[in-house]
Amino acid sequence: MKTMLSKIFGANWRSSTSGVTTVVAITTAIAIHSDPSLVAFLPDIAETYIIGIAKLVAVVSGIVFALTVKDSAVTGGTVASTAEAEERIHPHGENI
């Protein structure tokens, strides 16, 4: 899964996936709240649960985004995202 996400979003896949998840969850909550006909075919209690879950996912993924947006694994930190950066961090293939 990590390899697939890395191929899709690049070196900063953690912050990208949490950011996209946050946007989707917020958009879902706002859309359903603004136009209840989107979930009119469901029982009333289901609408409440869906909006609640979307808000919870938005908050949790927003927190994850805030924690990963500039951690040590993001470009410029301790993990190289290109071959040139890897050479600068570990000259001659050294792992210190």
Side-chain angles (χ1 to χ4, degrees):
M1 182 71 142
K2 180 179 169 182
T3 305
M4 180 183 71
L5 291 173
S6 182
K7 286 181 181 179
I8 294 170
F9 292 109
N12 300 326
W13 67 270
R14 287 180 188 93
S15 56
S16 297
T17 54
S18 60
V20 168
T21 303
T22 302
V23 170
V24 169
I26 290 172
T27 304
T28 301
I30 291 172
I32 293 172
H33 189 70
S34 299
D35 185 9
S37 67
L38 294 172
V39 289
F41 63 93
L42 297 172
D44 290 338
I45 193 74
E47 178 184 341
T48 305
Y49 282 121
I50 291 171
I51 292 173
I53 290 169
K55 288 178 180 177
L56 178 65
V57 169
V59 169
V60 170
S61 60
I63 291 169
V64 170
F65 177 74
L67 294 173
T68 60
V69 75
K70 191 58 181 164
D71 68 0
S72 61
V74 175
T75 304
T78 58
V79 176
S81 62
T82 64
E84 293 82 11
E86 183 67 36
E87 181 61 27
R88 285 193 301 267
I89 293 172
H90 303 292
H92 311 294
E94 299 169 1
N95 284 326
I96 299 174

Report task. Can you run down the side chain to side chain donor-acceptor pair (under 3.5 Å) pairs that involve residues 44-62, sequence neighbours left out, and say none if there aren't any? Result -> Thr22-Ser61

Query raised in the report: Transitive ILVMFWY cluster of Ile51 at side-chain heavy atoms under 4.5 Å: who else is in it?
Result: Ile32, Val39, Phe41, Leu42, Ile50

Requested in this report: Would you please name every residue forming a side-chain contact (heavy atoms from CB on, under 4.5 Å) with Val24, sequence neighbours left out?
Outcome: Val20, Thr28

Query - Residues in side-chain contact (heavy atoms from CB on, under 4.5 Å) contact with Leu56, at least two apart in sequence or another chain - result: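 Scan of Leu56 (side-chain contact (heavy atoms from CB on, under 4.5 Å), adjacent residues dropped) gives Val60.
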
**Report entry** Residues that Ser37 engages under side-chain hydrogen bond (donor to acceptor under 3.5 Å, both in side chains), provided they are two or more places apart
**Finding:**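 side-chain hydrogen bond (donor to acceptor under 3.5 Å, both in side chains) list for Ser37, sorted by chain: Asp35.
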
Query raised in the report: Closest approach of Ala54 and Ala25, non-hydrogen atoms and distance?
Result: O-CB, 3.5 Å

Query raised in the report: Considering all heavy atoms of both residues, which atom of Phe65 and which atom of Ser18 are nearest to each other, and what is their separation?
Result: CA-OG, 3.2 Å

